[in-house]
Amino acid sequence: MNEFRIFEDLHKLQNQFSGFWDQFPARGGSAYPALNVHKGTDEVTITALIPGIDPEALQITVSGNRLDLSGEAPVNSYATANANRVERFHGKFRRALELPAEVDSEKATAEFKNGVLILSLPIRESVKPRKIQIQTK
């Protein structure tokens, strides 16, 4: 038995447990809106599913490697107290997350179509990996 393996296993378990709780905001339920984050070589792309929201009601803030997305999903007239089942989110929401790289917020773009928000966040040039040429004498 490898005595250091137990620490590795405990660390993995801790990460899994922490990841479980990250899915649930303070009021319960799954995190809203659902996000996909993809880091390419030149930009970070975030896709958020936000059906039924007016794009003017969204607030998007990017600073360094942090994204804040907030807004309010309207209550539909058929989502009343007499509903048999309500699964769609309504009310105010806020998502804050750490991006996988520092981005240039001045060059960021946002597109909203058919309830899908697509953020294109160019990675800051100063943090991109660069090849260093070896000089010979």
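For the pair R124 (side chain) and E102 (backbone), a donor-acceptor distance under 3.5 Å is absent.
Residues V44 and P100 are in side-chain contact: their nearest non-hydrogen atoms beyond the backbone lie under 4.5 Å apart. Using a 4.5 Å cut-off on side-chain heavy atoms (C-beta onward), F93 and I53 make contact. Proximity of P33 to R95: side-chain heavy atoms (C-beta onward) are separated by under 4.5 Å at one or more points.
A salt bridge links D68 to R94: one of the charged nitrogens lies within less than 4.0 Å of a carboxylate oxygen.
Once rounded to the nearest 0.5 Å, the distance linking CD of E111 with OG of S120 reads 8.0 Å. The CD1 atom of I123 sits 7.0 Å away from atom CG of D42, with the distance rounded to the nearest 0.5 Å.
When L97, I50, V62, I46 are each tested for a side-chain contact (heavy atoms from CB on, under 4.5 Å) with L69, only one passes: I50.
Heavy atoms only, all atoms of each residue included: N65 and A101 are closest at CB-O, 3.6 Å. Scanning both residues, A73 and Y32, for their nearest heavy atoms gives CB-OH, 4.4 Å.
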- Evaluate the criterion side chain to side chain contact (heavy atoms under 4.5 Å, CB included) for residue pair T47 and V37; output intermediate values, then yes/no. CA-CA 7 Å; T47 307; V37 180; over 6 Å; no
- Query: Under the side chain to side chain contact (heavy atoms under 4.5 Å, CB included) criterion, do E43 and L121 qualify, and how do the steps go?
  - Reply: CA-CA 5 Å; E43 73 179 9; L121 310 169; 5.8 Å; no
- Item | side chain to side chain contact (heavy atoms under 4.5 Å, CB included) between L119 and T45, worked out | CA-CA 6 Å; L119 299 173; T45 304; over 6 Å; no
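A 6.0 Å sphere centred on CD of Q59 holds more than 12 heavy atoms belonging to other residues, nucleotides or ligands.
Under a hydrophobic-cluster definition in which Ile, Leu, Val, Met, Phe, Trp and Tyr are linked whenever side-chain heavy atoms come within less than 4.5 Å, directly or via other members, I118 and L49 are assigned to the same cluster.
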